[in-house]
Enquirer: 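Could you have a look at this structure, given as structure tokens, before my questions?
All values below come from the heavy atoms of this structure, side chains included, with hydrogens, waters and symmetry mates left out. Letters A, B, ... are given to chains in the order of the sequence lines, protein chains preceding strands, and every chain is numbered from 1. Please read these numbers as outputs of a predicted model, since none were measured by experiment.
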Amino acid sequence: MSIQKPMLPKGVRDFDHQAILYRSYLIKQCTTVFQKYGFLPLETPAVECLALLQQKYGEEGDQLLFKILNSGDFLSKTSKGDWLNTDHKKLLPQIAEKGLRYDLTLPLARYVATHHHQLTFPFKRYQIQPVWRADRPQKGRYREFYQCDMDIVGTKSLLCEVEILLIIIHTFESLGIQDFKIQLNHRKILTTLVKIIEHADKEVFFCATIDKIDKIGMDNVCKILSNNHFSTTDIQVLKNLFQYTGTHTDQLDYCQQYFIENQQDIRPIQDLQKILQHLEMINPRYSAYIAIDYTLARGLSYYTGPIMEVVLTGEQGGSLGGGGRYDHLTENFGLKDTSGIGFSFGIERILHVMEARKLLPKATQQGTQVLVINDGLKAYPIILSLMDFLSHHAVAVEIYLEAVRLKKQLNYAHKKNIPYVIMLHDQSPLFFVLKEMKNGQQTVYTKEDLLHFLCAKI
RNA sequence: GUGAUUGUAGCUCAGUUGGUUAGAGCGCUGGUUUGUGGCACCAGAGGUCGCGGGUUCGAAUCCCGUCUUUCACCCCA
């Protein structure tokens, strides 16, 4: 047998104590805010039924799903013909019936659909768990990563949108991030736009294209549209709308005027108006965070109402979170008309930003406070009972695990940033020598005095 | 899934047009200091050059495959 370098599968990571501390700090800040607004946690299994996952994400999503091979002799349950068949999709359901969750929305939908009779609606939950995607890893993108979702399910009230926006603002402020904007749009505004310019069938394409404006620029987007049978006049109208600046009211009025001229439903615009009015009512400072952005599309997902995305002002590099309202969350599971709104905080990107800005706590004082020098077997009765005494009084204490040279033991304390070292007194077993690593100072104490000193210091 | 890119000591990296025994810094171990850490000096250990095949008298170096890394696209957090 040859020795093989142990390695991790593509796109997954180990997290050391510092990384975990960073993440738990972030999660703590988030959940504190969520709970203040009445959200409670939910956890669901890593594994879901493959059939459900596939139903939700369709063809393109399929290649991003991690599938779990059935246990035992999965071969015996398949027919030879299916193996010879070039279409792997026929064989797959026979050899794999489970998969790893791809996001936290499907688990939510499944949970709501199966437990709706026990839930009190509107149902508010947050969920912070890893998800898995068989994507090719890339900068800041992994095959296993945390998602942090919060949703309100079961009401169409626009107060949800207001509440979500407040939570976003409070969360980012509590993290020490203030230079962000919440881009706001309404999915039905986009639907109406393509309808007016008579390209209603191209809504998905249209959304996917204008979503790229940030990345490839307005001119390139216009070129793509024009190559796809959008007329020059229409493109100009869109451009005017997208680039229209002014107060929120100005922007909304401009769009509303255009809709009225074309005899279109203006309720989506009024929705945004109301949301902003409410926010303004609570505190004008809050509405200042909002930026109406008619180019925001949020991919080709299931959103049907207001949509939002958080970006840093003046910095490129992806959003820190996004979400919006959806009307058909549980429809595939036989539960119709469950409107809801969800928002997902981009944990990984937020951590990245916070690390770059040094907004995260360092783990310096997390570990052992006191190292007890190991003087060998004969000293164990004294040393071990001292350790027991100290640790029962909540002092983080450890003994060097081998009776080696003092130099080595002190060096261990030094490298692990342990601030105090205790050595036996060479005259009396009733006294101990406490050494402060930062200045080398040594003082003789009794057991009780040691505790007093340490408790006062730590 | 498409197109590029990377891989040499525990870590970060040198290594000439293919040429004897593959180097440095940091880290590690030991010593100067035989019970007192950081600093300094001295010494030492540690590599089948990602893996497999090919070209060649000869390959870390050139070619092919494969895995891995990073990046762009698709899509997305």
Enquirer: How far, in whole Å, is B/G47 from B/G58 if one measures between their P atoms?
Expert: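 Between the two P atoms, the distance is 26 Å.
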Enquirer: With rounding to the closest Å, how many angstrom separate the P atoms on B/U8 and B/C49?
Expert: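 After rounding to an integer number of Å, I get 12 Å for this pair.
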Enquirer: May I ask you to verify whether the side chain of A/Lys139 and the base of B/U70 hold a donor-acceptor pair under 3.5 Å?
Expert: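 Side chain to base: no pair present.
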Enquirer: Quote, to the nearest angstrom, the C1' distance that separates B/U36 from B/U21.
Expert: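 Roughly 42 Å separates the two C1' atoms.
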Enquirer: Taking the same atom, C1', in B/A14 and in B/A22, what whole-Å distance lies between them?
Expert: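 That atom pair is separated by 11 Å.
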Enquirer: Please report the distance separating the C1' of B/U56 from the corresponding atom of B/G19, rounded so that it comes out in whole Å.
Expert: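 Looking at atom C1' only, B/U56 and B/G19 are 12 Å apart.
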Enquirer: Hey, is the side chain of A/Arg136 pairing donor to acceptor with the base of B/U70 inside 3.5 Å?
Expert: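 Between B/U70 and A/Arg136, which were checked side chain against base, a qualifying N/O pair under 3.5 Å is absent.
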Enquirer: From OH of A/Tyr146 over to P of B/C76, roughly how many Å is that when rounded to an integer?
Expert: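 In whole Å, B/C76 P lies 24 Å from A/Tyr146 OH.
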Enquirer: Contact class for A/Gly322 vs. all strands (heavy atom < 4.0 Å): base, sugar-phosphate, or nothing?
Expert: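 A/Gly322: no heavy atom of the nucleic acid under 4.0 Å.
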Enquirer: Between the base of B/U36 and the side chain of A/Gln442, is one N or O donor paired with an acceptor at under 3.5 angstrom?
Expert: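 In this structure, the two groups form a donor-acceptor pair.
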Enquirer: Could you measure between the two C1' atoms, the one in B/G10 and the one in B/C74, and give it in whole Å?
Expert: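 About 39 Å, rounded to a whole number of Å.
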Enquirer: Side chains of A/Tyr126 and A/Gln35 only: does a donor on one sit below 3.5 Å from an acceptor on the other?
Expert: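 Note: A/Tyr126 and A/Gln35 side chains meet the donor-acceptor criterion.
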Enquirer: Side-chain contact test, heavy atoms from C-beta onward, threshold under 4.5 Å: evaluate it for A/Leu175 versus A/Leu359 and give yes or no.
Expert: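 SC-SC contact between A/Leu175 and A/Leu359 ruled out.
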